[in-house]
Amino acid sequence: EDPVGGRPSRTTRFVKTINDIAAKVWEKYPQADLRMWAYLDYRELPDGVRPDPRFKLYYCPHGRCYGHRLDDPSCVRNVEMLNLLNDWRKLLSDIYIYEYLNCTPQLYSCSEAREAHDIRLYHRMGLIGWKNEASFSDSRFVNSKPYKKDVFPSNWQWLYLAGKLLWDPSLDENAVLEDAESKYYGPAYPAMREYQALRRKLWNEHPNHMGYPTGDQRRPMLLDRPGSKEKLLELLDK
């Protein structure tokens, strides 16, 4: 009867059910690699039952803020999500993070610094994997939806950096981005370096949240800083 997002919590029933199913599988296939989810209305901890410790867990912070790092103590949404993740870590040792940045239209946002911080945080916590959805404009898996746009053209830096850091979290994100963007922009790089630096400064210094269910509350406000629009256009012209 514990309400989660306006719904009753189903975690206890969910864990009892998958424990029963998994026991039958492991009896016949002891080495089976089985995974469970902690997702939305069955993400709260179960009451009176524990998941079998052989499970690997996908923890889904659906509803976290992607404008702030996950361990930012000033972001109430992320404090709650991180505390819950740490509670699950007491139950299961092998945990993946299943991110939902793509659930918010994040086109042309600047998630690089936040993503670099979070990936290193997950590495220190001992998480074993990172997953994020990506949408493609020519996808045939779902019916066309206005907000399901191709994220790659305007967010390639974020995706490229995430791929690099998942292999080696110790990499310096600024050096990775400088190497990639200098090759991408070629002779235009000196002006575009200033342009991207200003974009990221405006983004990283803004206090607003971003992420489901409130959408992107940050990007629409970035040009409110006096002179920012004019400076960005000047650098693009250059």
Side-chain angles (χ1 to χ4, degrees), residues 1-5 7-23 25-26 30-104 111-133 158 161-171 173 209-213:
E1 296 181 357
D2 180 28
V4 179
R7 308 179 185 89
S9 173
R10 300 181 176 92
T11 312
T12 300
R13 178 180 294 181
F14 175 69
V15 171
K16 287 180 177 179
T17 301
I18 63 171
N19 274 349
D20 288 346
I21 295 170
V25 176
W26 278 317
Q31 302 305 315
D33 181 8
L34 302 183
R35 302 157 193 230
M36 60 169 287
W37 285 29
Y39 180 85
L40 197 58
D41 52 354
Y42 49 97
R43 186 171 54 204
E44 297 298 314
L45 294 182
D47 182 22
V49 61
R50 297 171 67 97
D52 190 296
R54 289 172 288 183
F55 276 120
K56 292 183 177 70
L57 175 73
Y58 264 123
Y59 178 79
C60 307
H62 195 239
R64 66 159 287 185
C65 170
Y66 285 105
H68 299 100
R69 65 183 192 270
L70 187 62
D71 60 350
D72 187 337
S74 69
C75 181
V76 175
R77 290 164 60 170
N78 287 352
V79 167
E80 179 182 350
M81 289 293 178
L82 181 59
N83 287 340
L84 189 54
L85 172 56
N86 284 325
D87 287 341
W88 276 104
R89 290 173 66 212
K90 297 171 187 176
L91 300 180
L92 296 167
S93 58
D94 292 332
I95 298 179
Y96 294 79
I97 197 81
Y98 188 155
E99 302 278 16
Y100 270 88
L101 174 59
N102 196 46
C103 196
T104 296
S111 296
E112 297 90 5
R114 193 271 315 155
E115 195 69 77
H117 176 93
D118 284 357
I119 288 175
R120 283 193 280 268
L121 172 66
Y122 300 149
H123 185 253
R124 292 195 302 271
M125 294 171 70
L127 271 59
I128 63 172
W130 176 98
K131 178 177 180 176
N132 216 314
E133 294 185 347
W158 158 63
L161 180 66
K164 288 285 189 179
L165 290 174
L166 289 167
W167 282 106
D168 184 358
S170 69
L171 291 175
E173 63 269 24
H209 298 287
M210 175 188 178
Y212 176 91

Inset, instruction - Check step by step if salt bridge (Lys or Arg N to Asp or Glu O under 4.0 Å) holds for E173 and R114. - result: CA-CA 10 Å; E173 63 269 24; R114 193 271 315 155; over 6 Å; no
Inset, instruction - Determine, step by step, whether L34 and V25 satisfy the side chain to side chain contact (heavy atoms under 4.5 Å, CB included) criterion, reporting the C-alpha distance in whole Å, the side-chain angles of both residues, the deciding distance to 0.1 Å, and the verdict. - result: CA-CA 9 Å; L34 302 183; V25 176; 4.0 Å; yes
Legend entry - With D168 via side chain to side chain donor-acceptor pair (under 3.5 Å) - residues at least two apart: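 D168 satisfies side chain to side chain donor-acceptor pair (under 3.5 Å) with S170 only.
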Inset, instruction - Please identify each residue that fulfils side chain to side chain donor-acceptor pair (under 3.5 Å) with D72, with sequence neighbours left out. - result: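 With sequence neighbours excluded, D72 shows a side chain to side chain donor-acceptor pair (under 3.5 Å) to S74, given in chain and number order.
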Not counting sequence neighbours, which residues clear side-chain contact (heavy atoms from CB on, under 4.5 Å) with [X]? List them please.
| X | value |
| --- | --- |
| A23 | none |
| T17 | R13, I21 |
| H209 | C65, H68, C75, R77, Q217 |

Inset, instruction - Answer yes if the ring centres of Y98 and Y96 are under 6.0 angstrom apart, and no otherwise. - result: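 Ring-ring flag for Y98/Y96: false, centres at least 6.0 Å apart.
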Legend entry - Y66 ring center within less than 6.0 Å of W158 ring center: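 When the ring centroids of W158 and Y66 are compared, they turn out to be at least 6.0 Å apart.
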Could you give the distance from [atom1] ([X]) to [atom2] ([Y]), rounded to the nearest 0.5 Å?
| X | Y | atom1 | atom2 | answer |
| --- | --- | --- | --- | --- |
| S111 | L161 | OG | CG | 10.5 Å |
| L57 | I128 | CG | CD1 | 9.5 Å |
| K16 | N19 | NZ | CG | 10.5 Å |

Less than 4.5 Å apart, any side-chain heavy atom of [X] and any of [Y]?
| X | Y | answer |
| --- | --- | --- |
| L45 | L91 | yes |
| P61 | L85 | no |
| L101 | M210 | yes |
| D94 | F55 | no |
| L70 | L121 | yes |
| L92 | M36 | yes |

Inset, instruction - Starting from the C-alpha separation in whole Å, work towards a yes-or-no answer on side chain to side chain contact (heavy atoms under 4.5 Å, CB included) for N86 and M125. - result: CA-CA 9 Å; N86 284 325; M125 294 171 70; 3.4 Å; yes
Is [X] reaching over with its side chain to a backbone N or O of [Y], donor-acceptor style, under 3.5 angstrom?
| X | Y | answer |
| --- | --- | --- |
| T12 | D47 | yes |
| T11 | E44 | yes |
| R43 | C60 | yes |

Legend entry - A162 to W130 - nearest heavy-atom pair and separation: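 In terms of heavy atoms, the two residues are closest at CB-CH2, 4.0 Å.
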Inset, instruction - Determine the interplanar angle of the Y42 and Y39 rings, folded into 0 to 90°, and report it as parallel if under 30°, tilted if 30 to 60°, perpendicular if over 60°. - result: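 Ring orientation, 0 to 90° scale: tilted.
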Inset, instruction - Determine, for E115 against R69, whether the closest basic-nitrogen to carboxylate-oxygen distance falls under 4.0 angstrom. - result: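 Looking at E115 and R69, the cut-off is not met.
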Inset, instruction - Run the numbers on D71 and N78 for side chain to side chain contact (heavy atoms under 4.5 Å, CB included), then give the verdict. - result: CA-CA 7 Å; D71 60 350; N78 287 352; over 6 Å; no
Legend entry - Intermediate values then yes/no, ring-ring contact (aromatic ring centres under 6.0 Å, His included), W37 and F14: CA-CA 10 Å; W37 285 29; F14 175 69; 9.1 Å; no
Inset, instruction - Keeping to residues at least two apart or across chains, list the side-chain hydrogen bond (donor to acceptor under 3.5 Å, both in side chains) pairs with something in residues 55-65. - result: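 For residues 55-65, and leaving out neighbouring residues, the side-chain hydrogen bond (donor to acceptor under 3.5 Å, both in side chains) pairs sorted by first residue read D33-K56, R64-D118, R64-Y122.
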Legend entry - Step-by-step side chain to side chain contact (heavy atoms under 4.5 Å, CB included) determination, L165 to H123: CA-CA 10 Å; L165 290 174; H123 185 253; over 6 Å; no
